[in-house]
Amino acid sequence: MSNSYRLDHIYNVLLQKKTATVEELANSFHVTPTTNRRDLLELEDRKLIYRTRGAAFLLENGMSESNIFMEEKKRIATAAAKYVCNGMSIALDSGSTVKMLANHLIDDPNLVNLDFVTHSPDIALSVCKRFNVSIPGGSLVPNSDFMVGVEVEEFYRKVNVDVAFLGSTGVYNCSGLTVSYPLQLPVKKHSARCADKRIALLDSSKFSRRGIYVFCEFADIDTLITAKTKDNEAQLNRIADLGVEIVLV
C-alpha cells in the first residue's frame, strides 16, 4: 500500500470520526507503529491533523493546533515576558507560543532598546515594528515559518545573546526538547547555544508528544514555563531534578 493511499485513507477516517487511536489506524492498514507514526507526522506537518500520545485528531476549518491551547500559550507568554528587561538581546525560536511572546513584548510600552535575532520570518516581521531584529539568509520551507540551511547555522555561530526562548515539537519520554523536521535540527541546536540563558516555552500538549530529534537537553535549559496537568506532573518532577527551574502558569 502506497504512502499517499494511506494518507488519504487516514484523513478520510478522521473526517468521519474526528479522532482515532494510533493503534486503530495502524491495525486498519496493517502497518508497523513506526510507519503509522511517520504517516501521522506528515499529515500533521500539512496542518490537517493534530497528534497526542496514542491518538490523532482532525483539525477542522478555522481550527489549528495553535488555538487549541491558546489560553495556555497566552499565560506562558505573560510569564516569559517577566524575564525580559530593557537593553537585552534576545533569540526567538519559531513556533506559535514563541510568537505569542513576541507579540506580548511588542505591546509592552515600557520595554525599550531590545535587540532580537530569529530564524522565523513571521516573528521578524512582527518584532521589527518596534525593535531591531537580525535575521539569517537561507531557505524558507514551503508552508512553514522557519529558515533552514548552512547560512542559518553560520549566522547563529556568530551570535551571542542574553536569552533564547525555545519551542519544541514535544518532550514526552525523551531527554530534552525535540523537533521532527531534520533540516531544522542544526538550526535549532545553534539557536539554543547562542544564548547565556535558555527558556523553554511549552503548552501542556507537548508532554504527550515528541519529535524525532533532541536539539537541546533538559540539563542545558535554565527555565521551563508550562501549565501543570495531572498527566505531566511526573515529567515535570523529573525535569526539575535536572536543575531546571519550572514555572507553572
Q: Please tell me if the side chains of Val171 and Leu177 come closer than 4.5 Å, counting only heavy atoms from C-beta onward.
A: yes

Q. If we only count heavy atoms from C-beta on, is the Asn86 to Asn113 side-chain gap below 4.5 Å?
A. no

(Q) Just verifying a value: how many Å separate Thr223 OG1 and Lys82 NZ, rounded to the nearest 0.5 Å? (A) 13.0 Å

Q | Asp115 and Asn132: CA distance, side-chain angles, deciding distance, side-chain hydrogen bond (donor to acceptor under 3.5 Å, both in side chains) verdict | A | CA-CA 5 Å; Asp115 290 302; Asn132 295 325; 3.1 Å; yes

Q. Does any non-hydrogen side-chain atom of Leu236 lie less than 4.5 Å from one of Leu248?
A. yes

Q.
For Phe207, is there any backbone N or O sitting under 3.5 Å from a side-chain donor or acceptor partner on Gln235?
A. yes

Q) How about Ile225 and Tyr83: do any of their side-chain heavy atoms sit closer than 4.5 Å? A) yes

Q: Answer whether the closest heavy-atom distance between the side chains of Ser134 and Phe155 falls below 4.5 Å.
A: yes

(Q) Testing the basics here: between Val187 and Tyr156, what is the closest heavy-atom pair and its distance to 0.1 Å? (A) O-CD1, 4.2 Å

Q | Val152 versus Gly137, closest heavy-atom pair with distance | A | CG2-O, 3.2 Å

Q: Evaluate the side-chain proximity of His119 to Pro136: yes if any heavy-atom separation is below 4.5 Å, no if none is.
A: yes

Q. Is a side-chain N or O of Asn232 found less than 3.5 angstrom from the main chain of Ala227, in a donor-acceptor match?
A. yes

Q) Does Lys228 NZ have over 12 foreign heavy atoms under 6.0 Å away? A) no

Q) For the atom pair OG1 (Thr19) and CD (Glu24), what is the distance rounded to the nearest 0.5 Å? A) 8.0 Å

Q.
With side chain to side chain contact (heavy atoms under 4.5 Å, CB included) as the criterion, how do Asp196 and Asn160 come out once you've worked through the C-alpha distance, each side chain's angles and the decisive distance to 0.1 Å?
A. CA-CA 8 Å; Asp196 295 333; Asn160 185 18; 3.7 Å; yes

(Q) Under a 3.5 Å threshold, yes or no: a donor from one side chain and an acceptor from the other, between Lys99 and Ser120? (A) no

Q) Side-chain contact, heavy-atom cut-off 4.5 Å: Lys74 with His104? A) no

Q: Starting at CD1 of Ile221, measure out to SG of Cys216 and round the result to the nearest 0.5 Å.
A: 4.5 Å

Q: Write down the atom of Phe131, the atom of Leu111, and the distance for their closest heavy-atom approach.
A: CE2-O, 3.8 Å

**Q.** Smallest separation among heavy atoms of Val159 and Cys194, with atom names
**A.** O-CB, 3.4 Å

Q) So, do Ile246 and Leu224 sit near enough that their side-chain heavy atoms are less than 4.5 Å apart? A) yes

Q) Asp222 side chain to Ile199 main-chain N or O, any donor-acceptor pair under 3.5 Å? A) no

Q.
Between the side chains of Asp93 and Lys188, is the shortest nitrogen-to-carboxylate-oxygen separation below 4.0 Å, so that they form an ion pair?
A. yes

(Q) Within this structure, what is the NZ-CG distance for the pair Lys73 and Leu101, rounded to the nearest 0.5 Å? (A) 12.5 Å

Q) For Asn173, does its backbone N or O pair with a side-chain atom of Arg210 as donor and acceptor, under 3.5 Å? A) yes

Q. How many angstroms lie between CG in Asp203 and CD in Glu71, if you round to the nearest 0.5 Å?
A. 12.5 Å

Q. Do side-chain atoms of Gln184 reach the backbone of Val179 as a donor and acceptor pair under 3.5 angstrom?
A. no

Q: Would you check if the side chain of Thr178 reaches a backbone N or O of Gly170 as a donor-acceptor pair within less than 3.5 Å?
A: yes

Q) What are the two closest non-hydrogen atoms of Phe146 and Ser94, and how far apart are they? A) CB-OG, 3.9 Å

(Q) Just checking Glu154: does its CD atom have more than 12 heavy atoms from other residues, nucleotides or ligands closer to it than 6.0 angstrom? (A) yes

Q. Is Ile90 reachable from Met100 through a run of hydrophobic residues whose side-chain heavy atoms are each under 4.5 Å from the next?
A. no

Q: State plainly whether one hydrophobic cluster holds both Val163 and Val161, where clusters connect Ile, Leu, Val, Met, Phe, Trp and Tyr through side-chain heavy atoms under 4.5 angstrom apart.
A: no

**Q.** Greater than 12 external heavy atoms within 6.0 Å of Ile135's CD1
**A.** no

**Q.** From Asp107 atom CG to Ser126 atom OG, the distance as rounded to the nearest 0.5 Å
**A.** 10.0 Å

Q: Write down the atom of Ile49, the atom of Ala56, and the distance for their closest heavy-atom approach.
A: CD1-CB, 4.3 Å

